[in-house]
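Worksheet for the structure shown next.
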Amino acid sequence: MPCEGQNSQHPCETEGLFLGGGEIKASASSGAHPCLCVFSSYRSRMAYSSSTQDFVALSDLHPSLARPNVIGVVIGKTDVRGFPDRKNIGSERYTFGFTIRDSPTYFINVNSWGREEYIRSLSESFRVGDCVTIENPLIQSKEAEREEKFNPVTPSCYKLILSENHSVVRTFSCYEMDTKLLSLLHLPVKDPQDYYSLGDITANGQSLDGRILNLLAAVMSVGEPKYFMTSDKRKGQRCEVKLYDETEMSFPIVCWDNESIQLAQSWIPRETVIFASDVRINFDKFRNCMTATVISKTIITTNPETAEANVLFSFIKDSAQSGGLYDKVMQQSKDSVNLETIVDVYTVEQLKEKALQSDVKLEPVYGVIYGYISTLNIDDNASKVVRNRCSTCRFIVNEMSNTCTFCSDISSDLKSVFESFEILVDVTDHTGTLYSCYLSDCVAEEALGCTVQEFLTLEEDKKTALKWQLLLERSKIYFKVTVSPRWRTGMKVNVLSCKLADPIEASQTLLRKEIGNKRLCH
């Protein structure tokens with residue numbers, strides 16, 4: 001039964017029913033209509049026709065409006081957080097915020113406050129990229145200087161406040177959204193030319209430490225989310241994404257909140273481009289490099305439809321097809337890990353203990369072990385130690401199909417593969433064993449003293465002889481450890497260098513370490 005007018009009584013009003021979306025809260029006492037019947041045509045001022053009244057364009061909002069209804073696509077969102085309730089000592093109130101947009105030029109911040117159950121339920125009902133309607137929000141003037149220090153900068157003079165008892169929020173699937181609303185997800189909220197290249201940030205270095213900037217970059221890789229417990233027993237999470245552009249091949253941007261982490265997990269490495277407005281730039285003393293951090297002000301636009309982004313998309317495809325991307329990444333990877341800067345010496349036991357500490361799960365652990373390669377099965381089956389890489393983009397191809405999914409749009413006649421070492425070894429010392437460590441690519445070639453092509457031509461007895469040149473010999477092994485439940489052992493160990501150790505150097509280093517440990521114990 002369609003609604004006939006703004007003041008008509010709808011049969012579902014008192015039952016909390018609705019059409020076309022997901023209701024979060026309906027209150028008969030609020031007077032907000034709990035039903036959205038149908039969308040009409042998209043008007044020039046973003047006014048849709050609903051069962052009760054037209055939606056008000058965000059640009060037309062004013063505190064004098066009575067019971068306004070608005071619609072928009074969510075372009076930014078923060079995590080739920082609690083804080084002490086001043087009126088009820090010992091209890092907490094909860095809040096979260098999000099930003100909605102209804103036109104290329106207009107977007108507004110929305111804040112919600114209330115009980116934990118209501119706030120968490122509301123927050124979990126939608127994500128960035130969803131369309132929401134809001135009925136009867138409170139319109140307040142914003143204190144731009146104070147509020148935009150921690151919230152996205154918006155063109156609106158106002159902000160919207162949601163009340164548990166008086167406001168209604170509904171969500172819509174992508175099939176029910178107007179295509180013009182969806183297109184807003186690909187428009188940056190800042191001038192598309194107002195950004196720093198990754199090379200500019202690296203070149204300016206520490207002079208940009210603490211600055212809030214905009215970035216336009218492609219996604220090189222998306223790390224696995226890592227969870228930890230803070231010193232005050234609060235749960236935390238972290239995810240690191242590596243970005244690149246024409247000027248820099250590996251630049252880290254870190255996400256600390258659940259919303260940005262979930263968004264990052266949807267990005268496709270070496271295919272996705274992002275425009276990140278208002279990220280914080282810092283100098284990472286531990287890694288001696290510049291990094292970016294997603295903060296509460298940040299709004300990230302995925303695959304922006306701008307001329308600048310199109311240039312970057314072209315660079316991605318061209319560099320992948322030419323093989324230049326892989327070459328640059330490998331060279332930069334070698335340059336970024338300077339073995340001379342890795343001086344911390346560990347035993348296997350100490351490394352395992354350190355890896356289990358929650359505070360080191362945030363960053364990789366680099367170090368040296370004076371130990372032995374205790375497992376090196378290179379004379380068993382060549383298919384277990386040699387993997388195929390795509391000759392076009394140089395990334396490892398799918399083992400089952402033997403095809404490169406990244407270069408799927410390139411004719412198969414133009415694609416080929418080549419062999420590369422990918423060996424799993426065990427590293428042992430007098431305190432224990434690290435299982436299934438990765439010895440790959442040029443590091444493996446250097447350790448074995450032969451190329452993949454030379455290795456594949458060897459007879460089995462020659463491979464066995466090659467194995468025993470390294471197996472069970474005291475070696476100086478540089479490593480990188482990344483902690484993650486994805487791996488069977490709970491951590492991934494990459495061997496960065498493996499050479500036979502100088503006996504005097506190894507003995508003196510281990511002796512000094514043992515004396516130092518005894519002093520600490522006393």
Side-chain angles (χ1 to χ4, degrees), residues 329-352 354-355 364-387 389 396 419-456 458 462-483 487-513:
V329 171
M330 290 303 296
Q331 184 59 46
Q332 195 162 82
S333 176
K334 293 176 185 177
D335 295 342
S336 62
V337 182
N338 184 352
L339 298 183
E340 293 181 359
T341 65
I342 302 176
V343 295
D344 294 330
V345 178
Y346 294 87
T347 64
V348 169
E349 183 180 41
Q350 289 171 335
L351 183 59
K352 288 181 177 179
K354 186 174 182 65
V365 177
Y366 295 87
V368 177
I369 286 179
Y370 288 96
Y372 310 86
I373 299 294
S374 53
T375 300
L376 183 63
N377 294 325
I378 61 174
D379 55 350
D380 180 18
N381 186 341
S383 63
K384 293 182 179 181
V385 298
V386 175
R387 297 282 300 278
R389 292 184 182 272
I396 292 178
E419 292 88 6
S420 174
F421 278 125
E422 189 79 7
I423 308 170
L424 291 178
V425 301
D426 294 343
V427 176
T428 301
D429 68 2
H430 61 288
T431 66
T433 299
L434 293 172
Y435 297 98
S436 301
C437 306
Y438 287 82
L439 182 64
S440 309
D441 294 336
C442 56
V443 177
E445 292 186 351
E446 186 178 17
L448 296 175
C450 67
T451 66
V452 174
Q453 290 70 32
E454 291 170 342
F455 173 81
L456 292 174
L458 295 177
K462 298 293 184 181
K463 292 180 181 177
T464 301
L466 179 64
K467 175 176 73 173
W468 282 102
Q469 290 180 17
L470 196 60
L471 192 67
L472 299 182
E473 295 289 340
R474 175 67 66 84
S475 300
K476 184 177 184 180
I477 302 168
Y478 289 84
F479 63 84
K480 170 188 174 182
V481 172
T482 308
V483 178
W487 292 287
R488 177 175 57 85
T489 59
M491 56 183 182
K492 180 181 180 181
V493 182
N494 287 96
V495 177
L496 305 178
S497 176
C498 179
K499 296 181 179 180
L500 296 181
D502 178 272
I504 297 177
E505 175 190 336
S507 298
Q508 290 179 346
T509 302
L510 292 174
L511 180 61
R512 285 196 300 268
K513 188 171 182 63

request  = Would you sort out whether Val385 and Asn377 count as a side-chain contact (heavy atoms from CB on, under 4.5 Å), showing the intermediate values?
outcome  = CA-CA 8 Å; Val385 298; Asn377 294 325; 5.9 Å; no
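- In this structure, the side chains of Leu376 and Ile423 come closer than 4.5 Å at one or more pairs of heavy atoms.
- Between Leu470 and Ser475, the shortest heavy-atom contact is CD1-OG, 4.2 Å.
- Between Ile504 and Gln508, the closest side-chain pair of non-hydrogen atoms falls below 4.5 Å.
- In terms of heavy-atom proximity, Ile477 sits nearest to Cys498 at CG1-SG, 4.0 Å.
- Contact of the Lys352 side chain with the Met491 side chain is registered, since non-hydrogen atoms from C-beta on lie closer than 4.5 Å.
- Relative to the six-membered ring of Phe455, Lys463 meets both conditions, a distance below 6.0 Å and an angle of at most 45° to the axis.
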inquiry  = Go through it in stages, so that I can follow the logic: the residues are Val386 and Glu422, the test is side-chain contact (heavy atoms from CB on, under 4.5 Å), and I'd like the CA-CA distance, side-chain angles, deciding distance and then a yes or no.
reply    = CA-CA 6 Å; Val386 175; Glu422 189 79 7; over 6 Å; no
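- Checked by atom type, the side-chain pair Asp426/Thr433 shows no donor-acceptor distance below 3.5 Å.
- The shortest distance between side-chain heavy atoms of Leu434 and Phe479 does not fall below 4.5 Å.
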request  = Go through the steps for Lys499 and Glu446 under the test salt bridge (charged side-chain N to carboxylate O under 4.0 Å, His left out), then give the verdict.
outcome  = CA-CA 9 Å; Lys499 296 181 179 180; Glu446 186 178 17; 3.4 Å; yes
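- Glu445 and Thr451 form no side-chain donor-acceptor contact under 3.5 Å, judged by distance and modelled atom types alone.
- Considering all non-hydrogen atoms of both residues, Lys480 and Thr482 come closest at CE-OG1, 3.9 Å.
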task = Show the numbers, then the answer: is there a side-chain contact (heavy atoms from CB on, under 4.5 Å) between Val425 and Tyr438?
result = CA-CA 7 Å; Val425 301; Tyr438 287 82; over 6 Å; no
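- In this structure the side chain of Thr347 never reaches within 4.5 angstrom of the side chain of Tyr370, judged on heavy atoms.
- With contacts defined as side-chain heavy-atom distances shorter than 4.5 Å, the pair Leu448/Phe421 qualifies.
- Outside the 6.0 Å centre-distance limit, the rings of Tyr366 and Tyr478 are not counted as a close aromatic pair.
- When only modelled atom types and interatomic distance are considered, Arg474 and Tyr372 share a side-chain donor-acceptor pair under 3.5 Å.
- With a 4.5 Å cut-off on side-chain heavy atoms, Ser374 and Leu471 do not count as touching.
- Contact check for Arg387 versus Ser420: no side-chain heavy atoms found under the 4.5 Å cut-off.
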